[in-house]
Enquirer: 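Questions regarding the structure given below will be posed in turn.
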2 protein chains.
Amino acid sequence: MADNETTATSGRTATLSDVARMAGVSIATASKAINGRDDVAPATRQRVLDAAKKISFTPNELARSLINGRTGTVGLLTSDLEGRFVIPILMGAEDAFGAGQVNVFLCDARGDSIREQHHLSALLTRRVDGIIVVGRSTDPRPSLGHEIPVPVVYAYAPSVDPTDVSLTPDNREGGRMAVEHLIACGRSRIAMITGDPEYAAARDRVVGVREALAQAGLSLVGTPMFSEWSEHWGRDASALLLRQYPDIDGIVCGSDQIARGVLDTVRDLGRSVPADVAAVSFDNWEILATNSRPELTSIDANLQQLGRTAATRIFEAIEGTEVTPGVEYVPGRLVIRGSTIARR
Amino acid sequence: MADNETTATSGRTATLSDVARMAGVSIATASKAINGRDDVAPATRQRVLDAAKKISFTPNELARSLINGRTGTVGLLTSDLEGRFVIPILMGAEDAFGAGQVNVFLCDARGDSIREQHHLSALLTRRVDGIIVVGRSTDPRPSLGHEIPVPVVYAYAPSVDPTDVSLTPDNREGGRMAVEHLIACGRSRIAMITGDPEYAAARDRVVGVREALAQAGLSLVGTPMFSEWSEHWGRDASALLLRQYPDIDGIVCGSDQIARGVLDTVRDLGRSVPADVAAVSFDNWEILATNSRPELTSIDANLQQLGRTAATRIFEAIEGTEVTPGVEYVPGRLVIRGSTIARR
DNA sequence: CTGTTAGCGCATTCAC
DNA sequence: GTGAATGCGCTAACAG
């Protein structure tokens, strides 16, 4: 039960020399045959391939990597405990790399810089070809520095160092999109309830919101309400807001969670969404957005796209292409649901 | 901008022989010095260490692995797109392995068996020391077979093959815990609303619920309501249920999402949770459980613990310890909040 | 204590 | 076309 026979002659995993011996050729020839080099006689190649299959030979990628200096692996260094951001990014990266071509080491630093350093050295020691650093907020994070011998791309949280390559959601543009959509829905008395003001995401969205309002000759009703990213806050803030400004007809919510709270309160107050008050939020966290009454119109940050782009940048850097440093802002997309446009 | 000088003499990453040359010793001695072997003169060791630091030498783990046959990596093969289950499991596994000691390749097969096969070969080619397979439900999944030369542990979704090693949440016991808690809260008219009957998780929990009720001389009010794992269903089902059996005083919900829907409806009907109706659910998905009114009492599947155990089993198998095959059921834990016991 | 020798598994010259 | 030789970076016996 303990030993896993490899269907083969030996008890160990088969090596190329096993294949060569079995096919009656040299290791070199076996290598060429298996790697599809064209300077091998068709008959010989077939013999080698048959032998390889028979003993279920699996090339040892470690040995290959040792030779050509590339491992076909990248490290994904994250601090995003919950995995809410990192997973879509990881999926996007896997897409871009092509499944099975490149493998990803996922390391969770738990927000601890010591642990991050440990993981970083582990990754370098394993000779990853590149590193994607995923932060847990869009606030700039410390750079890993330039002493790292492989390309590094910062995703979600940009690096504070402008000479690094960073990708982050365009929250300002997101704020604009939210307001433009509300205006398109015929709203003009628009307020904003958002999360923790310590977060750049919260502040950036407000900036965008104000810009779009100004451009339409409007301005925010009341001041943006900052506190926490929770349903509780959404409930409390909207109660206060609607009491103070009963004629509000549109609310931009800093997150789907906040929007859920807002919906609860509006409902409790006997008003209707979207007829009386329309709500648009951020994140497009499906589990929240598609289960509310009504469903939430929300701005998706396109994280999977962000992951794909990150992978592409890594690739380019590996290939030697010049990658322009700096922060690249990845646009979001508006997903329209029932909280802004009534279903019929 | 393109070249990353390694602070060192050459333009390439430093190797052990660079260190040796610089310290004026042989490669072998340098190796011993760096690896803390005790047959090196203190002075020599210091010279080597200094040299290594100066050219920022990083040992090449690939070369090491090639020699000792172990890579210190494991593969996490998942089909859980959303990452809701896989992330806690991954974190548990990282814990158990010890951060930095072992690195994890995370591969998402997207529920596609072709892609899974690709990832599997990629992992084997990279010579991972073990593989953890994480399913997206607790329904048994196909085995990867026994031809695999490294230990495999199935987590969350057990393997259909009883000779494989599997770990899965104990949903039956979870069902019992839920009912026992409701009974302890003084409830006796208990109903159940749960998700898709195709899921073993849904069925297993019902079994546990019935067992615990029977043991207390009670039985379920009505029949278990199966449909989907959504808030919508929770709302609809509870409306129906409470109309049919107005004297219900406890509801076991198949998931936190369903519970959220139930809470909405109970509230809409002018009844109070937990005073009139107590609700307990499954998953303890914090974002849902701690943001409702009242917060949800929920059964946590202890996935992080499950991940830790999975890693431990892999470890044991690698070390040659005999690991008993079969399905191991990991107990959950009850997290009590306001939906069963009123806050004061 | 230190250095020499021999590989780990494979790909790549370059003669034959 | 094929195979012997060389080396990727490192460790593990052995000699000295």
Side-chain angles (χ1 to χ4, degrees), chain A residues 6 8 10-49 51-52 55-73 124-129 149, chain B residues 6 8 10-49 51-52 55-73 124-129 149:
Chain A
T6 326
S10 70
R12 259 182 32 276
T13 33
T15 96
L16 188 57
S17 74
D18 296 335
V19 177
R21 195 175 330 110
M22 176 166 254
V25 297
S26 76
I27 298 185
T29 304
S31 170
K32 291 170 194 159
I34 287 185
N35 293 332
R37 304 286 296 262
D38 48 344
D39 38 359
V40 178
T44 313
R45 155 159 303 136
Q46 199 50 53
R47 273 213 321 288
V48 172
L49 259 35
I55 62 179
S56 63
F57 165 74
T58 314
N60 187 328
E61 187 62 35
L62 297 176
R64 285 183 152 155
S65 305
L66 196 53
I67 293 171
N68 65 26
R70 282 211 200 156
T71 55
T73 62
L124 293 179
T125 232
R126 296 200 192 290
R127 295 295 189 265
V128 292
D129 295 333
Chain B
T6 328
S10 71
R12 258 182 34 277
T13 33
T15 98
L16 189 56
S17 74
D18 295 336
V19 176
R21 193 174 332 110
M22 176 166 254
V25 297
S26 76
I27 299 184
T29 304
S31 170
K32 291 171 194 160
I34 285 184
N35 293 333
R37 304 283 298 260
D38 49 343
D39 38 0
V40 177
T44 313
R45 156 160 302 138
Q46 199 51 53
R47 273 214 321 289
V48 172
L49 260 35
I55 62 178
S56 63
F57 164 74
T58 313
N60 187 329
E61 188 63 34
L62 297 176
R64 285 181 161 163
S65 305
L66 196 53
I67 293 170
N68 65 27
R70 284 211 201 157
T71 55
T73 62
L124 293 178
T125 234
R126 297 201 191 291
R127 295 295 189 265
V128 293
D129 295 334

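By convention in this document, chain letters (A, B, ...) are assigned in the order of the sequence lines, proteins followed by strands, and residues within each chain are numbered from 1. Note: hydrogens, waters and symmetry copies are ignored here, and every other heavy atom, side chains too, is used. All values derive from a computational prediction rather than experimental measurement.
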Enquirer: With B:Leu49, which of B:Val19, B:Ile34, B:Thr44 fulfils side chain to side chain contact (heavy atoms under 4.5 Å, CB included)?
Expert: B:Ile34
Enquirer: Nearest-Å distance, CZ (B:Arg45) to C1' (C:dT2)?
Expert: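 To the nearest whole Å, that distance equals 13 Å.
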Enquirer: Taking atom OG1 of B:Thr73 and atom CZ of B:Arg126, what is their separation to the nearest 0.5 Å?
Expert: 9.5 Å
Enquirer: Hey, does A:Thr15 have a side-chain heavy atom less than 4.5 Å from the side chain of A:Asn60?
Expert: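 Side-chain contact under 4.5 Å: no.
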Enquirer: What contact category does B:Arg70 fall into here, base, sugar-phosphate, or nothing, at under 4.0 angstrom with non-hydrogen atoms?
Expert: nothing
Enquirer: Give a yes/no answer on whether the side chain of A:Asn60 brings an N or O atom under 4.0 Å of OP1 or OP2 in C:dC8.
Expert: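 So the side-chain polar atoms of A:Asn60 never come under 4.0 Å of the phosphate oxygens OP1 or OP2 of C:dC8.
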Enquirer: Once you round it to whole Å, what is the distance between P of D:dT2 and CG of A:Asp38?
Expert: 12 Å
Enquirer: Provide, to the nearest angstrom, the distance between the CG atom belonging to B:Leu16 and the C1' atom belonging to C:dT4.
Expert: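 The answer, rounded to whole Å, is 15 Å.
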Enquirer: Touch check for A:Ala28, heavy atoms < 4.0 angstrom, all strands: base, sugar-phosphate only, or nothing?
Expert: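 Base contact.
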Enquirer: Can you tell me the distance, in whole Å, between the CG atom of A:Leu124 and the P atom of D:dG9?
Expert: 16 Å
Enquirer: Between B:Ser26 and C:dT2, is there a contact of a side-chain N or O with OP1 or OP2 at under 4.0 Å?
Expert: no
Enquirer: How long is the line joining CD1 of A:Ile27 and P of D:dC8, in whole Å?
Expert: 18 Å
Enquirer: Please report, rounded to the nearest Å, how far the P atom of D:dG1 is from the CD atom of A:Gln46.
Expert: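 Between P of D:dG1 and CD of A:Gln46: 17 Å.
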Enquirer: Distance from A:Leu62 atom CG to B:Leu62 atom CG, nearest 0.5 Å?
Expert: 6.0 Å
Enquirer: Does anything in residues 62-69 of chain B come within less than 4.0 Å of DNA chain C? Heavy atoms only, and list the residues if so.
Expert: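 Only B:Leu66, B:Ile67 qualify.
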Enquirer: The side chain of B:Thr44 lies closest to which of these nucleotides: C:dT2, D:dT2, C:dC10?
Expert: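 Nearest nucleotide to the side chain: C:dT2.
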Enquirer: Pairs in or reaching into residues 57-69 of chain B: which pass salt bridge (Lys or Arg N to Asp or Glu O under 4.0 Å), with residues at least two apart or in two chains?
Expert: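 Pairs touching residues 57-69 of chain B that pass the test: B:Glu61-B:Arg64.
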Enquirer: Any side-chain N or O of A:Ser31 less than 4.0 Å from the OP1 or OP2 oxygen of C:dA11?
Expert: yes
Enquirer: Looking at A:Arg127, is its backbone amide N or carbonyl O close enough to the side chain of A:Thr71 to form a donor-acceptor pair, meaning the two atoms are under 3.5 Å apart?
Expert: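 Pair found, side chain donor or acceptor close to backbone of A:Arg127.
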Enquirer: Any idea which of C:dT2, C:dC10, D:dT2 is nearest the A:Ala41 side chain?
Expert: D:dT2
Enquirer: Rounded to whole Å, how long is the line connecting atom CG of A:Asn35 with atom C1' of C:dT12?
Expert: 11 Å
Enquirer: Of the candidate nucleotides C:dT2, C:dA11, D:dG3, which contains the atom at the shortest distance from the side chain of A:Lys32?
Expert: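 My answer, after comparing the listed nucleotides, is D:dG3.
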Enquirer: Side-chain N or O of B:Thr15 less than 4.0 angstrom from OP1 or OP2 on D:dC10?
Expert: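 It does, given that an N or O in the side chain of B:Thr15 lies less than 4.0 Å from OP1 or OP2 of D:dC10.
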Enquirer: May I have the step-by-step check of side-chain contact (heavy atoms from CB on, under 4.5 Å) for B:Val25 and B:Val48, ending in yes or no?
Expert: CA-CA 8 Å; B:Val25 297; B:Val48 172; 4.0 Å; yes
Enquirer: Describe the nucleic acid contact of A:Asp39 in one word from base, sugar-phosphate, nothing, applying a heavy-atom distance below 4.0 Å.
Expert: base
Enquirer: Please, which pairs that meet salt bridge (Lys or Arg N to Asp or Glu O under 4.0 Å) have at least one residue in residues 27-43 of chain A, sequence neighbours excluded?
Expert: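 Qualifying pairs, neighbours excluded: none.
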Enquirer: NA contact type, B:Arg37, heavy-atom cut-off 4.0 Å: base, sugar-phosphate, or nothing?
Expert: sugar-phosphate
